[in-house]
Trainee: 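This is the structure, below, for whatever I ask next.
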Amino acid sequence: MNNLTIKNNELLLRRYTELIRITPCGNNAIRFQSFPDCQVIDENYTLMPQSADAKIVEYDNYATLTCGTLKAKVEPNGKLTFFANDRKILEEKPELTFNSNFRHFDNKGSGLWSARVTFEPNKNEHFFGLGHSWDNEFDLKGSSNDIRNVNAKCTIPYVYSSLGYGFLWNNPSTGLCELSNNRTRWSCDCCKFMDFIVMAGTPKEVCTTLADLTGYAPKMPQWATGFWQSRLRYETQEELLQVARKYKELGIPLSAIIADYFHWTEQGDYKFDPKYWPNVKEMADELHEMNTKLIVSMWPTINGGSENYHYMRNNNMLMRTARGPDRVFDFYGWQGEIDVTNPATREYVWSKLKENYIDNGVDALWFDEAEPEIHPEHFDNLIWYKGRADMVGLLYPYYYSKMAYDGFKSIGRDDIITLTRCAYLGSQKFGSLVWSGDIESTFESLAHQVKAGLNMSMCGIPWWNTDIGGFYGADITSDYFKELIVRWFQFGLFSPVMRLHGSRNRHFEPTPGLKEPSGDPNEIWSFGDENFEILKNLIFIREKLRPYIQNQMDIASEKGYPVMRPMFFEYPDDEICYTLDSQYMFGDDIIFAPIVEQGQTVKTVYIPDGEWILTKDKKVYTKGTYEITANIDEFIAFVKSGSDVIMCFES
């Protein structure tokens, strides 16, 4: 082949419109990069490329690079094809006739481009991943997905295919992913080059490779596997303490309680308002005596009323805009937002978090608005330390979590966990516990969350959860919500983290003088006596499950496996498992099938190979499809025969 260079374990092909570089990137993983300016740019973003042996062979009309079981073939016209164990899995599709125009770039000036790559569709292929969304999709084949982050939508630009490969789009730009029936296409709005990685193997093998390339979650703090209590919001120190004291009096274990937003003096101040929270250290000490951790919320918003605003703005620590004022979010007035891609910003904000929260006994942080949330969503108008936001917009939650992780590490803390509303490839290595955002309190929303969590689990992010009960629109006096909260609590029992939160419709006059008053109560005794007994029992089961969950979390740290797993993760050769969107594996030994419909008491459940014990009556089931009954105080869970975890479900 003309213009082909082979050196240093890499393949370079020069063409009129681009420079192509193909390299081994890890275990059965190959990286492809295309540089439209025809100059190599060494930029990994959050990727951590691994060294690997490769075999490169040049033929008359093509060349191949083989890494383990994966082979990439490139032709003189630029066409790229991937094979796993000599079986074609991914083939580029031309955009023009005469088998031409593979990959497309549009020049945006100043060395920036929009870009896209198109592949042939594969019949009967299933895709999973892309983070979480409220789109109610499990198998993403046939869907079109914006690559962007907004409240309740966290995009991780990665998918796993049922053909036995993972595809990582290593471009943190906003864009589009089309997994349609006539093509598979990945597009980015703004980049300097195109970059993606293909990795071959079973779901478990690829999951470990993905963790090799993006990082492993740390050891989850033991306290975090228990029950977390939250609401929007506790208005005062005394109100929060009264809730924790009541859990203690009732003998119900409470691992953590959260002080949500507007406990502060002003957006951007990062400290409690002493009028309502007079002694934070005293509050934290009392909570610690009850074996309860204190978690505090922060937002990236800031305005001129904050004591930190002028210093941060004058030192370029805030987002800037190319057009118009640098106010990007309207919430109790126009707000600026901090630029966490700037290391100086992270250092300064952490110093305030440490001084006002951590030094006063706060155990962990809740980073809300982590997408970041901006309105209008003109990412091309935002200028960050790392570049234009339409080029690097997906990186924001990564550096948001990094701020907390680096800060805690600097003071010798290893028990790091940060609740975040968004994430990116690699966020998991900073102890990011992702939640699915401000979702509606409906059964439809609950059903969506099961699928959302399973897709997120395939993206290398093992710590994930939802607001139990949903976030908005709930009337705690209604029969509808009283049923919903039980079914959602059951889902929470079998989630990586079990956290109750929400803004409940207010049935009382708001507290005078507060900028952001609370809604109705949201503790387990708030939904009626019958529900209280059910929810209390679920918390006690969670307590019994904690050693099992901790072990599964350790596996996530060591192998990259998620705790909440699609059925095909354990049974990749069972075609039925790729279609199961309303049941899942909770670790190695539990199958959970949540009830997600109002009034539902019977659910169809598929049992894979082996013998499985139904927890509620200890009946044994073998491979097949069954109708299982679950009254409101029952859930549907099976334990693999021979597993000690069955003891957790004894009365």
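FYI, the numbering just counts along the sequence from 1.
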Trainee: Carefully, step by step, assess Glu239 and Arg233 under the rule salt bridge (Lys or Arg N to Asp or Glu O under 4.0 Å).
Mentor: CA-CA 10 Å; Glu239 183 182 31; Arg233 67 181 178 92; over 6 Å; no
Trainee: Where is the tightest heavy-atom contact between Cys577 and Tyr606, given as atom of each residue plus distance?
Mentor: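 Looking at all heavy atoms of both residues, the shortest contact is SG-CE2, 4.1 Å.
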Trainee: Measure from the side-chain N and O atoms of Ser478 to the backbone N and O of Asp475, and report whether any donor-acceptor pair falls under 3.5 Å.
Mentor: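 The answer is yes, because a donor-acceptor pair under 3.5 Å joins these two groups.
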Trainee: Measure the spacing between CD1 of Ile257 and CG of Leu240 and express it to the nearest 0.5 Å.
Mentor: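 Between Ile257 CD1 and Leu240 CG, I get 4.0 Å after rounding to 0.5 Å.
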Trainee: A side-chain contact here means heavy atoms from C-beta on lying under 4.5 Å apart; do Tyr480 and Glu483 qualify?
Mentor: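 No, their side chains stay 4.5 Å or more apart.
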Trainee: Should Asp520 and Arg506 count as an ion pair when the cut-off is N to O under 4.0 Å?
Mentor: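 Salt bridge flag = no for Arg506 with Asp520.
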Trainee: Quick check: Tyr584 with Phe592 (ring centres under 6.0 Å apart)?
Mentor: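 That pair passes the under 6.0 Å test.
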Trainee: Do Phe367 and Trp299 have ring centres separated by under 6.0 Å?
Mentor: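 They do not qualify: ring centres at least 6.0 Å apart.
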Trainee: Check this for me: does any side-chain nitrogen of one of Lys482 and Glu530 sit under 4.0 Å from a carboxylate oxygen of the other?
Mentor: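 Result for this pair is no, no salt bridge flagged.
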Trainee: Check whether more than 12 heavy atoms from other residues, nucleotides or ligands sit under 6.0 Å from atom NZ of Lys618, and answer yes or no.
Mentor: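 Yes, NZ of Lys618 has more than 12 neighbouring heavy atoms, counting only those of other groups under 6.0 Å.
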Trainee: Do Asp139 and Thr579 make a side-chain contact, defined as non-hydrogen atoms from C-beta onward lying under 4.5 Å apart?
Mentor: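 Of all side-chain heavy-atom pairs linking Thr579 with Asp139, none is under 4.5 Å.
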Trainee: State, with a plain yes or no, whether a side-chain heavy atom of Thr420 is found less than 4.5 Å away from one of Leu433.
Mentor: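 A side-chain contact under 4.5 Å is absent here.
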Trainee: State the OH-CG distance between Tyr160 and Leu210, to the nearest 0.5 angstrom.
Mentor: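 Nearest 0.5 Å value for the OH-CG distance: 12.0 Å.
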Trainee: Counting C-beta onward and ignoring hydrogens, is there a side-chain heavy-atom pair between Pro566 and Phe138 closer than 4.5 Å?
Mentor: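 Yes, at least one pair of side-chain atoms sits under 4.5 Å.
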Trainee: Test your reading of the model: is there a side-chain donor-acceptor pair from Gln229 to the backbone of Leu500, 3.5 Å cut-off?
Mentor: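 Between the backbone of Leu500 and the side chain of Gln229 there is no qualifying donor-acceptor contact (under 3.5 Å).
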Trainee: I'd like to know if the side chain of Trp525 reaches the main chain of Asn522, judged simply by a donor and an acceptor atom lying under 3.5 Å from each other, with no hydrogens or angles considered.
Mentor: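 No, the answer is negative, given that no donor and acceptor are paired below the 3.5 Å cut-off.
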Trainee: Is there a donor-acceptor pair closer than 3.5 Å between any side-chain N or O of Arg413 and the backbone N or O of Asp363?
Mentor: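 Yes: the side chain of Arg413 pairs with the backbone of Asp363.
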Trainee: Would you say Asp529 has more than 12 foreign heavy atoms packed within less than 6.0 Å of its CG?
Mentor: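 Count not over threshold, so no.
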Trainee: Keeping the roles fixed (side chain from Arg542, backbone from Leu493), state whether a donor-acceptor pair exists under 3.5 Å.
Mentor: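 Yes.
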Trainee: I need the single residue from Lys616, Arg487, Lys603 that forms a salt bridge (charged side-chain N to carboxylate O under 4.0 Å, His left out) with Glu634. Which is it?
Mentor: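 Result: among Lys616, Arg487, Lys603, Lys616 is the only option passing the salt bridge (charged side-chain N to carboxylate O under 4.0 Å, His left out) with Glu634.
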Trainee: Quick check: are there more than 12 heavy atoms from other residues, nucleotides or ligands sitting under 6.0 Å from CG of Asp617?
Mentor: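 For Asp617, atom CG is crowded (more than 12 foreign heavy atoms under 6.0 Å).
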Trainee: What is the minimum heavy-atom distance between Cys459 and Ile156, and which atoms define it?
Mentor: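 Nearest heavy atoms, Cys459 then Ile156: CB-CG2, 3.6 Å.
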Trainee: May I ask you to decide whether Glu249 forms a salt bridge with Lys246, counting only side-chain N to carboxylate O separations under 4.0 Å?
Mentor: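 Salt bridge: no.
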Trainee: Any salt bridge between Asp146 and Arg148, counting N to O under 4.0 Å?
Mentor: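 Looking at Arg148 together with Asp146, the answer is yes, because their closest N to O distance falls below 4.0 Å.
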Trainee: Step through it carefully: locate the ring centre of Phe491, locate the ring centre of Phe635, and say whether they are under 6.0 Å apart.
Mentor: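 Ring-ring flag for Phe491/Phe635: false, centres at least 6.0 Å apart.
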Trainee: Please determine if Arg565 and Asp588 form a salt bridge, counting it only when a charged side-chain N lies under 4.0 Å from a carboxylate O.
Mentor: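 Looking at Asp588 together with Arg565, the answer is yes, because their closest N to O distance falls below 4.0 Å.
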Trainee: Please confirm whether Phe568 and Tyr578 have ring centers closer than 6.0 angstrom.
Mentor: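 Under 6.0 Å, so yes.
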Trainee: Hey, would you say the Phe127 and Phe167 ring centroids sit under 6.0 Å apart?
Mentor: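 Ring centroids of Phe127 and Phe167 are no less than 6.0 Å from each other.
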Trainee: Decide yes or no on ring-ring contact (aromatic ring centres under 6.0 Å, His included) for Trp366 and Trp435, but give the supporting numbers first.
Mentor: CA-CA 10 Å; Trp366 174 6; Trp435 101 94; 5.4 Å; yes
Trainee: Under a 4.5 Å cut-off applied to non-hydrogen side-chain atoms, are Leu545 and Ile590 in contact?
Mentor: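 Touching, per the 4.5 Å side-chain cut-off.
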Trainee: Within the distance-only criterion (no hydrogens, no angle test), does the side chain of Asn465 pair as donor or acceptor with the backbone N or O of Met498 below 3.5 angstrom?
Mentor: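 Judged by distance alone, no pair lies under 3.5 Å.
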Trainee: Let's go through Asp415 and Trp223 carefully: what are the C-alpha distance in whole Å and the side-chain angles of both, what is the deciding distance for side chain to side chain contact (heavy atoms under 4.5 Å, CB included) to 0.1 Å, and is it a yes or a no?
Mentor: CA-CA 9 Å; Asp415 57 335; Trp223 63 262; 4.3 Å; yes
Trainee: In terms of the angle between their ring planes, are Phe489 and Phe227 parallel, tilted or perpendicular, with boundaries placed at 30° and 60°?
Mentor: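 The rings of Phe489 and Phe227 sit tilted, inter-plane angle from 30° to 60°.
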Trainee: To the nearest 0.5 Å, what is the distance between CG on Leu287 and CZ on Arg245?
Mentor: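 Output value for this atom pair is 9.0 Å.
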Trainee: Which distance, rounded to the nearest 0.5 Å, do you find between the CH2 of Trp488 and the CZ of Phe481?
Mentor: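 The CH2 atom of Trp488 sits 8.5 Å away from the CZ atom of Phe481.
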Trainee: Quick one, Arg231 with Asp260, criterion salt bridge (Lys or Arg N to Asp or Glu O under 4.0 Å). Give me CA distance, side-chain angles, the key distance, then yes/no.
Mentor: CA-CA 7 Å; Arg231 64 185 275 197; Asp260 200 353; over 6 Å; no
Trainee: With a sphere of 6.0 Å drawn around CD of Glu627, does it hold more than 12 non-hydrogen atoms of other residues, nucleotides or ligands?
Mentor: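 Result for CD/Glu627: enclosed.
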Trainee: Distance check, rounded to the nearest 0.5 Å: Glu137 atom CD versus Ser144 atom OG?
Mentor: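 Spacing of CD (Glu137) from OG (Ser144) equals 11.0 Å.
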Trainee: Does atom CD (Gln222) have a neighbourhood of more than 12 heavy atoms from anything else shown, all under 6.0 Å?
Mentor: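 Atom CD in Gln222 is not packed in, count stays at 12 or less.
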Trainee: Taking NZ, NE, NH1 and NH2 as the nitrogens, is one of them in Glu611 or Lys623 under 4.0 Å from a carboxylate oxygen of the other?
Mentor: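 No, no charged N to carboxylate O under 4.0 Å.
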Trainee: Would you call Lys219 and Glu558 a salt bridge, taking side-chain N to carboxylate O under 4.0 Å as the test?
Mentor: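 Judged by the 4.0 Å cut-off on N to carboxylate O distance, Lys219 and Glu558 do form a salt bridge.
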Trainee: Please find the pair of heavy atoms, one from Cys207 and one from Pro562, that lie closest to each other, and give the distance.
Mentor: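 In terms of heavy atoms, the two residues are closest at SG-CD, 3.8 Å.
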Trainee: Please report, to 0.1 Å, the donor-acceptor pairs under 3.5 Å made by any side chain of residues 445-453, with sequence neighbours excluded.
Mentor:
from: Ser445; atom 1: OG; to: Glu440; atom 2: O; distance (Å): 2.9
from: His448; atom 1: ND1; to: Trp134; atom 2: O; distance (Å): 3.4
from: His448; atom 1: NE2; to: Glu444; atom 2: O; distance (Å): 3.4
from: Gln449; atom 1: OE1; to: Ser436; atom 2: OG; distance (Å): 2.6
from: Lys451; atom 1: NZ; to: Asn136; atom 2: OD1; distance (Å): 2.7

Trainee: Quick check for you: to the nearest 0.5 Å, what is the distance between Ile591 atom CD1 and Phe494 atom CZ?
Mentor: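 So the CD1 of Ile591 and the CZ of Phe494 are separated by 11.5 Å.
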Trainee: Say whether, by atom type as modelled, one donor and one acceptor occur between the side chain of Lys544 and the main chain of Glu650 under 3.5 angstrom.
Mentor: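 Yes, the answer is positive, given that a donor and an acceptor are paired below the 3.5 Å cut-off.
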